[in-house]
Each structure stands twice: as C-alpha cells, then as structure tokens.
Amino acid sequence: MAGMMAGMMGRIALVLTAAILLELLGIVALHQWQDRELVDAARTQSIAREIADAVQIAETAPLPRRSAAIDDLAAKGPAGQALALNWVPNTIITDHSAANARLAAMRARLMQADDRLRDREMRLSLMPGRDGRQHDLVGLIALDDGSFLSFRVNRYLRGPPPLWLVSLLHILLLVAVFGLAMVLVRALLRPLRDLAMAADETGRDHTHAIVPDGPREVRQLAHAFSAMQARLIAAMDDNTQALIAVSHDLRTPIQRAKLRAAMLDDAAAGAAIEQELAAMDRFIDGALAYVRSGADEEPRLIDVAAMLAAIADDTADQGADIRFRGPPSLILHTRPILLARMLQNLIDNARRYASRIELRLSGEANRYAEICVDDDGPGIPAEQRADALQPFRKLALAGGEGPGDDGALAQGAGLGLAFIQRALSGSADCMTLEDSPLGGLRARLTLHDGGLGAE
C-alpha cells in the first residue's frame with residue numbers, strides 16, 4: 001500500500017479524493033447553514049414552560065371560557081413575543097415529527113424541558129414564516145377532553161437564502177477547493193519542474209544539481225537523468241579539451257610554415273601561403289571562441305555607445321565606409337569582451353560582402369540596448385537565414401561567394417553567426433536577421449541588462 005501511494009498515480013488519486021471530500025464537507029456545511037435552527041436551549045426552556053402553563057390554564061378553565069383564557073394569557077406576554085397560543089376544539093393538522101429528524105429532536109427537547117408535557121400527545125409541523133425568510137414551528141398539545149392547544153413559534157428554522165447568495169457561496173467553495181487542489185498538484189509536480197530545469201541547464205557551461213524527490217517514478221527518472229547528465233558533461237568536456245589541444249598543437253607547425261613561406265624566393269607564392277596560414281589561424285581562433293562562448297568572462301558595467309563608436313573608428317581607420325548612429329552614452333551591465341567579439345564578427349562579415357556599413361544603437365540605460373548592423377551587400381534570403389545561424393553551415397549567395405556567416409575570427413568556417421547565437425543562448429538576449437534599409441542584411445542584437453548568457 002505504501003509503495004502504491006508513493007507512486008504518481010497514488011498521489012494523484014489522493015489529491016482527487018481530498019478535493020472531493022472537501023467539496024462534500026463544504027456542501028454539507030452550506031446546507032446546515034441554510035437550514036439551521038434559530039431556537040437555542042434557553043428559548044426552548046421558556047417555550048416549554050409557557051406551553052405547559054397554557055395547557056394547565058386551558059384544562060382548568062370552563063369550556064366556554066377556554067379560548068378567552070388562552071387569549072388573556074397570550075395578551076399578558078411581552079409585545080411581539082415569538083410564541084402564539086390558541087385553543088381549538090379539534091384539528092386536521094397531523095404530526096410530521098416522525099418523518100423529520102429536526103422536529104423529532106425538538107419534540108424530545110420540549111418534553112424533557114417540562115415534566116407536564118411528557119405524557120401528552122404532541123403534533124409538530126413546519127409552516128413558512130410571515131416574512132418568507134424563515135420557517136415557523138406549529139404544534140398541537142392534546143388536552144384531557146380531546147381538544148387541543150395550538151402554539152406557533154416564530155423564526156424556528158432559517159429559510160433558504162436568495163438564489164444568488166447560494167450560487168455565490170457554491171462558487172466560492174469550488175474556487176477554494178480548486179485552489180487547494182492546485183497547491184497540492186503544484187507540490188506534486190515540483191520534482192518534475194526541478195528535473196526539467198536541470199535538463200534545460202545541462203550543456204550551458206554549468207550543471208544544475210539533481211535531487212531525487214517526489215513519487216517513485218520521478219525519483220527513478222531523476223536517477224537515470226543524473227547519470228545521463230554526468231556522461232554528457234564528461235563527453236562535452238572531453239571534446240572541448242580535445243579541440244583545444246588540437247588547436248594548440250596546430251599553432252607550432254603553422255608558425256614554422258609562415259617562416260618558410262617568408263623565406264621563399266617567389267614573393268607572390270609566399271604571400272599566398274601566408275594568407276592561407278592566416279586563414280587557418282582565424283579558423284582556430286573562431287573554433288575556440290565557439291566552444292568557449294565567453295562563459296569565462298564576468299559581466300560588468302560598460303558604455304555600449306562608447307564601445308560601438310570606438311569599433312566604428314577602428315574599422316574606418318582600416319579603410320571601411322562605416323558610420324555610427326546612436327546616443328553619446330548608454331550604460332549596460334554585460335560582458336564587454338564577448339560583446340566586442342560578436343560585433344567584430346558582424347562588422348567583418350558585412351565588410352566581406354558590402355561597401356557601406358552603419359551601426360545603430362538605441363535603448364535605455366541599465367535596462368536594454370538594441371544594436372543594428374546594416375550593410376548594402378547582397379544579404380541573405382529569408383528562407384536561408386535560419387541555416388546561416390547553424391555552425392559550419394555555408395550558404396551559396398549570388399556570384400558564387402560563401403555566406404555572410406563567417407566573421408574575421410572564423411573566416412571560411414561558418415562560425416561567425418553560430419558563435420553569436422550560441423553565446424546568446426540561455427539568456428533573454430537574442431539576434432535576428434532582417435532586410436536592411438541599405439538594401440543588404442541587418443543583424444539586430446537585443447541585449448538586456450545582465451544578459452549575454454550571464455547567470
């Protein structure tokens with residue numbers, strides 16, 4: 001039994017059972033509140049005593065004077081009293097206490113409250129009150145000669161409240177039960193949410209601790225996922241270290257090849273070889289940047305506008321037609337080295353295929369920044385832009401040239417935009433590719449304060 005209740009189905013059944021029981025108890029409580037008795041013990045004692053006194057007066061008074069004697073007794077009572085008395089020679093009113101537990105209990109209390117009523121026939125029934133909101137208690141006490149003393153207790157039972165009030169109370173009950181059930185379900189699903197969070201964080205340069213908790217099935221899944229996470233992280237670390245080691249080992253033969261190329265008698269051939277070796281260097285740098293994605297850099301406050309202006313000036317000094325448009329200052333909490341690398345990728349990419357470049361900056365300090373890199377090149381067709389964000393993906397553009405997704409850090413590798421996309425994953429920041437007002441491609445970077453994958 002304990003094993004079954006530890007499972008997901010057992011806990012769901014327990015929540016449903018608890019919700020149903022709460023709803024049932026609430027309905028019973030509402031019913032008791034709607035149909036509750038308004039006569040307390042003290043008032044019952046007083047009613048029994050007055051009825052017994054009236055019976056005694058009726059039986060001792062001459063027959064012609066009985067009705068008047070009871071009327072005189074009623075007149076002596078306080079004004080507006082809740083008990084009405086009358087004498088009748090006969091009646092057609094029947095007893096309903098046998099079919100009504102509340103009337104039977106009231107009959108027993110009246111007889112117990114005064115010994116003079118115990119051995120007498122008593123008939124009790126209910127009638128709607130004069131105000132229509134309560135029910136009155138109507139009773140008959142048999143006298144020795146076969147006649148009856150009738151009495152009526154005003155405001156005996158509370159009548160049904162208005163329909164709108166009953167409906168509102170039932171709705172509030174349902175909302176309360178539903179809210180409690182949702183709290184229980186939320187607690188039941190918390191281990192699954194924690195597991196989903198751990199799955200989402202896996203592979204983002206850090207891991208999320210997995211604590212097996214909850215139903216048996218969830219604990220089994222957590223154990224299996226924890227083992228899978230460990231294997232995945234180990235494989236990713238091995239691959240990263242292998243790539244770093246290979247890249248490091250390639251540096252030495254590349255440098256030797258550069259020296260030999262410089263010593264060639266054919267200067268043109270040497271320059272061509274040096275250009276290819278430089279491209280290999282950039283490829284290695286781009287691959288290393290892609291696997292690291294700037295995760296080793298701590299975020300800090302920088303002036304994004306000043307950074308863009310400096311990058312635009314440096315690029316213009318290299319002979320590019322580039323302009324910066326934006327505010328003189330925009331402070332943001334981000335990773336400056338990573339941001340500069342991303343912007344340099346986009347600018348070098350634009351320089352490769354365009355003759356004119358514009359950097360546009362907008363946003364709000366300490367909240368967000370929007371950076372647009374526009375060019376007048378051939379652009380990337382809308383249907384190919386998703387592919388351009390994939391690593392090592394090279395698109396065929398007009399004129400047979402490669403895609404605009406391999407920046408200076410990874411020329412020919414197809415890692416420029418993929419590097420940016422990977423660096424932005426896990427944060428609220430994003431990059432979109434659009435048509436530029438200049439006629440080419442627009443790369444729009446949206447950065448939030450503390451973004452760029454910062455945790």
Side-chain angles (χ1 to χ4, degrees), residues 289-290 293-294 299 302-312 315 320-327 329-391 393 395 397 403-410 414-454:
Y290 178 77
S293 297
I302 65 167
D303 190 337
V304 179
M307 174 185 285
L308 287 176
I311 292 176
T315 306
D321 182 6
I322 183 170
R323 291 176 176 82
F324 168 66
R325 301 182 186 276
S329 177
L330 198 156
I331 304 300
L332 204 66
H333 186 253
T334 187
R335 297 177 175 178
I337 298 177
L338 177 59
L339 178 58
R341 184 182 299 160
M342 294 163 58
L343 293 172
Q344 196 62 56
N345 268 19
L346 294 174
I347 292 173
D348 289 344
N349 180 74
R351 289 183 64 187
R352 186 172 298 110
Y353 300 106
S355 59
R356 180 185 172 195
I357 305 171
E358 283 191 0
L359 296 182
R360 298 178 181 270
L361 174 64
S362 61
E364 184 177 344
N366 298 312
R367 290 194 61 188
Y368 76 97
E370 188 173 271
I371 304 171
C372 293
V373 181
D374 291 309
D375 64 58
D376 61 351
I380 299 178
E383 64 274 9
Q384 298 183 29
R385 290 171 186 168
D387 290 339
L389 300 177
Q390 301 301 316
R393 186 66 58 88
L395 309 179
L397 300 179
D405 69 331
D406 38 75
L409 294 178
L415 289 175
L417 296 182
F419 159 74
I420 298 174
Q421 187 75 358
R422 189 170 189 265
L424 295 178
S425 65
S427 71
D429 303 333
C430 64
M431 178 183 66
T432 57
L433 302 180
E434 308 168 1
D435 292 328
S436 171
L438 301 182
L441 180 68
R442 163 175 282 186
R444 182 193 301 270
L445 281 176
T446 302
L447 309 177
H448 296 81
D449 191 65
L452 280 185

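We use all heavy atoms of the structure for the numbers below, so side chains are in, but hydrogens, waters and symmetry mates are not. All residue numbers refer to positions in the sequence shown, counting from 1. Since the model is a prediction, treat every value here as computed from it, not as a measurement.
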* Of the non-hydrogen atoms in Phe324 and Ala312, which two are nearest, and what is the gap between them? -> CB-CB, 4.0 Å

* Any chance you could measure Leu433, atom CG, to Gln421, atom CD, to the nearest 0.5 Å? => 8.5 Å

* Contact check, side chains of Asp387 and Ile380, non-hydrogen atoms, under 4.5 Å -> no

* Does the side chain of Thr432 come within less than 4.5 Å of Thr446's, by heavy atoms? -> no

* Asked: How long is the span from the CG atom in Leu339 to the CG atom in Leu332, to the nearest 0.5 Å?
  -> 8.5 Å

* Asked: How many angstroms lie between atom CG of Leu447 and atom CG of Leu330, to the nearest 0.5 angstrom?
  -> 10.0 Å

* **Check: Asn366 and Ile331 side chains under 4.5 Å, non-hydrogen atoms** => yes

* Asked: Are the side chains of Thr334 and Asp429 in touch, meaning some heavy atoms are under 4.5 Å apart?
  -> no

* **Arg444 CZ to Met431 CE distance, which is reported to the nearest 0.5 Å** => 12.5 Å

* Would you say Leu361 and Pro327 make side-chain contact, with heavy atoms under 4.5 Å? -> yes

* **Listed partners of Asp374 passing salt bridge (Lys or Arg N to Asp or Glu O under 4.0 Å), at least two apart** => Arg360, Arg442

* **Separation between CG of Asp375 and CZ of Arg356, rounded to the nearest 0.5 Å** => 10.5 Å

* Where Met307 and Pro336 come nearest, the two heavy atoms and their spacing -> CE-O, 3.5 Å

* To do: Report yes if the side chains of Asn345 and Met342 come closer than 4.5 Å at any heavy-atom pair, otherwise no.
  => no

* **Gap between atom CD1 of Ile347 and atom OG1 of Thr315 - 0.5 Å precision** => 4.5 Å

* **side chain to side chain contact (heavy atoms under 4.5 Å, CB included) between Leu346 and Ile371, worked out** => CA-CA 11 Å; Leu346 294 174; Ile371 304 171; over 6 Å; no

* Keeping the roles fixed (side chain from Asp449, backbone from His333), state whether a donor-acceptor pair exists under 3.5 Å. => yes

* Asked: Can you tell if the side chain of Val373 reaches within under 4.5 Å of the side chain of Ile357, non-hydrogen atoms only?
  -> yes

* **Side chain proximity check, Ile322 to Ile311, heavy atoms < 4.5 angstrom** => no

* Between Asp376 and Ser355, do the side chains contain an N or O donor and an N or O acceptor separated by less than 3.5 Å? -> yes

